[in-house]
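Remarks on the structure that follows.
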Amino acid sequence: MEHRSLILLGLLMGQSQHGYQINEFIERNLSTVTDMKKPTAYATLDRLNQKGYIDIQLVQEGNRPTRKVYSINESGRTYFYQLLLDNLSSAESVNYQGDIGLMFIDFLPMDQAIPALKERLKKNKKRIDVFKETPAHGIRTGVNLAVKHKITMLEAEIVFLENTIQNFIHSD
């Protein structure tokens, strides 16, 4: 749950924003690092407000409905830096859903397992191509680091799959 607070507070560090702006940015730019949906973002923003980390201002523009504009305050900045340091210094446990299939691969005949692994390999190669096409972020290098991390992890997965497929082919 803290990673969601970190994302939202981090977005507010740059500027005050209304919920729609925040959610659009998350969907468009952060889908590779979070699966946070709009209801979760709004609930987290409300929770951050209740805890005193962000302020909400109601803004009326023309005939538009009243919007909530979220701003980080001093308490929120302190909390953001705490979350950021905790996140950067953590060694997280990564659970790959694909490892479940690997655990039970012995139940499949190799003529079915190998094509399935080749399909997984193909999909991961497409994913890495998408990340490699991501334009470099000019202002903040952290975005570039996150993309590079994803590419590095996918490269490791690709090498693993290529070696595993070859081992299965040569063990027949």
Side-chain angles (χ1 to χ4, degrees), residues 1-15 17 19-45 47-48 72 79-172:
M1 212 46 123
E2 289 182 338
H3 68 280
R4 292 178 179 143
S5 295
L6 179 59
I7 289 169
L8 295 170
L9 291 171
L11 292 175
L12 293 174
M13 286 291 288
Q15 67 182 18
Q17 300 179 58
Y20 181 79
Q21 287 174 297
I22 293 169
N23 282 302
E24 282 298 303
F25 187 86
I26 290 170
E27 284 182 21
R28 196 173 48 253
N29 300 300
L30 301 181
S31 62
T32 59
V33 294
T34 186
D35 60 354
M36 186 170 21
K37 303 293 183 222
K38 287 178 186 180
T40 304
Y42 283 115
T44 305
L45 286 166
R47 200 167 21 259
L48 289 167
I72 191 167
Y79 185 53
F80 167 76
Y81 287 120
Q82 175 192 335
L83 290 175
L84 180 58
L85 288 170
D86 289 348
N87 181 279
L88 287 172
S89 62
S90 69
E92 63 186 287
S93 174
V94 180
N95 296 318
Y96 294 104
Q97 300 299 312
D99 285 349
I100 297 168
L102 293 174
M103 289 175 52
F104 300 112
I105 199 165
D106 297 321
F107 290 106
L108 277 178
M110 279 300 121
D111 65 339
Q112 291 179 2
I114 292 171
L117 291 175
K118 286 182 178 179
E119 180 63 23
R120 179 172 165 176
L121 176 62
K122 184 173 109 181
K123 288 176 180 175
N124 276 299
K125 285 182 176 181
K126 283 183 182 178
R127 287 184 67 212
I128 201 169
D129 287 341
V130 169
F131 282 111
K132 286 182 176 179
E133 292 173 6
T134 303
H137 198 282
I139 299 170
R140 294 199 174 103
T141 59
V143 175
N144 299 335
L145 284 173
V147 171
K148 185 176 181 178
H149 185 245
K150 290 285 189 187
I151 291 171
T152 302
M153 300 308 288
L154 282 168
E155 287 171 341
E157 172 76 0
I158 288 168
V159 168
F160 169 79
L161 287 169
E162 288 172 339
N163 290 338
T164 300
I165 291 166
Q166 287 306 311
N167 287 340
F168 283 149
I169 290 171
H170 294 299
S171 69
D172 282 343

(request) Report yes if the side chains of Leu8 and Ile72 come closer than 4.5 Å at any heavy-atom pair, otherwise no. (result) no
(message) Is any side-chain heavy atom of Leu11 closer than 4.5 Å to one of Ile26?
(response) yes
(message) Working to the nearest 0.5 angstrom, can you tell me the gap between Asp35 CG and Arg4 CZ?
(response) 6.5 Å
(message) Quick check for you: to the nearest 0.5 Å, what is the distance between Asp99 atom CG and Phe104 atom CZ?
(response) 11.5 Å
(request) Of all the heavy-atom pairs spanning Tyr42 and Tyr20, show the shortest one and how long it is. (result) OH-N, 3.5 Å
(request) Mind running side-chain contact (heavy atoms from CB on, under 4.5 Å) on Gln82 and Glu2 for me, showing each step along the way? (result) CA-CA 11 Å; Gln82 175 192 335; Glu2 289 182 338; 5.8 Å; no
(message) Just verifying a value: how many Å separate Ser90 OG and Leu85 CG, rounded to the nearest 0.5 Å?
(response) 11.0 Å
(message) Do Leu12 and Leu48 have side chains that approach each other closer than 4.5 Å (heavy atoms only, starting at C-beta)?
(response) no
(request) Check whether any side-chain heavy atom of Arg127 lies under 4.5 Å from a side-chain heavy atom of Phe131, and answer yes or no. (result) yes
(message) Could you report the tightest heavy-atom contact between Leu45 and Ile22, atom names first, then the distance?
(response) CD1-CD1, 4.1 Å
Give every donor-acceptor pair under 3.5 Å between a side-chain atom in residues 105-121 and any protein atom, sequence neighbours left out.
unit_1 : atom_1 : unit_2 : atom_2 : d
Arg120 : NE     : Glu157 : OE2    : 3.0
Arg120 : NH1    : Gly98  : O      : 3.2
Arg120 : NH2    : Glu157 : OE2    : 2.9

(request) Calculate, to the nearest 0.5 Å, the distance between atoms OG1 and NZ belonging to Thr141 and Lys148 respectively. (result) 11.0 Å
(message) Measuring only between side-chain heavy atoms, which start at C-beta, is Asn124 closer than 4.5 Å to Phe160?
(response) no
(request) Can you measure from CD (Glu24) to NZ (Lys38) and round to the nearest 0.5 angstrom? (result) 5.5 Å
(message) Can you tell me how far apart NZ (Lys123) and CG (Leu161) are? Round to the nearest 0.5 Å.
(response) 12.0 Å
(request) Indicate yes or no for a side-chain donor-acceptor contact from Asn23 to the backbone of Gly19 under 3.5 Å, with no hydrogens or angles considered. (result) yes
(request) Taking the side chain as every heavy atom from C-beta outward, state whether Val147 and Lys150 have any atom pair closer than 4.5 Å. (result) no
